[in-house]
Amino acid sequence: MSEHKGKILEQEEIESLLPWYVTGSLDAADTARVVSYLAQHPHLSAQLDNMRAEREQIVIANEALLPSVGALNRLMASLPAVRPSLMQRVSGSAPYRLVADFFMAPTARAVRLAALAMAALVTLQAVVLTIVLRDGYTIYHAASGPLSGEGVSALVVFADDARAAAIAGLLAEFDANIVDGPKPGGVYKIRLRTVDRSQQAKDALLRRLAERSDMVRIVLPSRD
Amino acid sequence: MASDRALGMTRAADEASLIERIAAGDMTALRAVFARHQLRVFRFILRLVQNAAVAEELTNEVFLEVWRCAGRYEGGASATTWILSIAHHRAVSSLRKRREERWDEAAAAALPDTNDNPEVAMQKADKGAILRRCLDALSPAHKSIIDLVYYHELSIREVREVLKIPENTVKTRMFYARRRLCELLKEAGIDRGWP
């Protein structure tokens, strides 16, 4: 009876470790315990499959969430101008004190200097914009991928038996490239180029990709 | 495996150094930590509070707290764990404040999505979409542990540090979260036969 109870406890203990086994975040000792137990109880592989499926969907759900742009600027704007600890350091250092004094107690001269710096910045921006408008956007294309307006992004899980060469062929066929991944669960973010920028064209492209079930298991639209 | 460990240790030391610089008032270090962790913090919070504007505000508060409290970071936990524990605390506090908006699993699971276009509607018919909807319908406590394990890939010890609960509770909470998920799936017509 107690042996039976011990077996149940062992099974519960091992089952409680399986989610971490699936993500590879168990320590070596627990990993060895799980591997040994799984070898003796192959029926648990169904549970592992369930967990992998759950993980895959959790990754997809998370990857679809993106914060708005400008979050860093909002954070920096809300920081206290000078922290007490920084103030102490500033008071003991001549160069820092000079900079701090400039911003903390603006004089007429300091204001003039700031205005000059601002004017220089505006001039520089005007020069850059002129170059961009004259020469077109192409000079700023990143080598790794197109600008966001030229295509559609998708979250993709490739078929388990898809070979690297075949995946490369598929990406070439769809004029696509991998922009991120692999994420946990084998999720990749890819970008597919399309001349037609209409939503219908983008949806059709993703549907066409999803139909390649020999190569992809999941295809979902993703925000840029 | 050894190289992974070495890489992890290097990264941990690098992050500890960044937090130390933040404690000394270095805004560049704060920018670096923000760039590295903002997305994971935002996603973790948003999945709990279910409101993008609130999640953005709370994410901002998390990094303000990192800025203010960096001097208290002792380096025992990884920076990721420390920052996620702040995020979890903020999200749970926010949910407590919004008691009138208490999470209702049944209601959440049944919520019609008025933004569904035909393609989304089609996707909802597949098993993956049903699974995602059931995962979304879990309580914040269950959802947070599932996200920490599956998406953020935290170990049992790290989850314990983020949620401030004993290791055995970490394991049992994950177990019950998955059991609840199975029940929701069954209600949605998918019987996986466990538990």
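First the proteins, then the strands, lettered A, B, ... as listed; each starts at 1.
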Worksheet, complete the sentence: Interatomic distance, CG@A/N62 vs CG@B/L46, rounded to 0.5 Å, equals 9.0 Å
Response to the item:
Tightest non-hydrogen contact, residues B/G128 and A/Q57, listed as O-OE1, 3.4 Å
Response to the item:
Checked B/N168, B/I146, B/L30 vs chain A; the most non-hydrogen pairs under 4.5 Å come from B/L30
Worksheet item: Does B/R192 come within less than 4.0 Å of A/E54, counting only side-chain N to carboxylate O?
Response: yes
Worksheet item: What's the shortest heavy-atom distance between A/L65 and B/L39, and which atoms?
Response: O-CD1, 4.3 Å
Fill in: From B/T172 atom OG1 to A/E12 atom CD, the distance as rounded to the nearest 0.5 Å
11.0 Å
Discussion item. A quick test of your reading: do over 12 heavy atoms of other residues, nucleotides or ligands sit less than 6.0 Å from CD of B/E74?
Written reply: no
Worksheet item: Hey, are A/R55 and B/E153 close enough for a salt bridge, meaning a charged N less than 4.0 Å from a carboxylate O?
Response: yes
Discussion item. At a 4.5 Å cut-off on heavy atoms, which part of A/L26 comes close to chain B: side chain, backbone, both, or neither?
Written reply: side chain
Worksheet, complete the sentence: Separation between CD (A/E56) and CZ (B/R132), nearest 0.5 Å, reads 9.5 Å
Fill in: Side chain / backbone / both / neither for B/F63 at chain A, heavy atoms under 4.5 Å
both
Discussion item. I'd like to know whether CD of B/E61 has more than 12 heavy-atom contacts from other residues, nucleotides or ligands below 6.0 angstrom.
Written reply: yes
Worksheet item: Hey, does A/I58 have a side-chain heavy atom less than 4.5 Å from the side chain of B/H152?
Response: no
Worksheet item: Does one side chain, of A/E63 or B/Y151, offer a donor that lies under 3.5 Å from an acceptor on the other?
Response: yes
Discussion item. So A/M76 and B/F34, do their side chains get closer than 4.5 Å, heavy atoms only?
Written reply: no
Item to complete: First locate atom CZ of B/R31, then atom CG of A/L75, and finally report the distance between them rounded to the nearest 0.5 Å.
Response: 9.0 Å
Worksheet item: Using a cut-off of under 4.5 Å for heavy-atom pairs, which of A/S68, A/A46, A/S16 has the most such pairs with chain B?
Response: A/S68
Fill in: Which of A/L72, A/L17, A/V59 touches chain B most, by non-hydrogen pairs under 4.5 Å
A/L72
Discussion item. With a 6.0 Å cut-off (strictly less than), is the heavy-atom count around CZ of A/R74, excluding the residue itself, greater than 12?
Written reply: yes
Practice prompt. Quick one: which of B/V159, B/V170, B/I156 has the most heavy-atom pairs under 4.5 Å with chain A, could you say?
Written response: B/I156
Item to complete: With a 4.5 Å heavy-atom cut-off (strictly below), which parts of residues 18-25 of chain A touch chain B? List them by number.
Response: A/P19, A/W20, A/T23, A/S25
Worksheet entry | Residue B/L154 versus chain A: region with a heavy atom under 4.5 Å | backbone
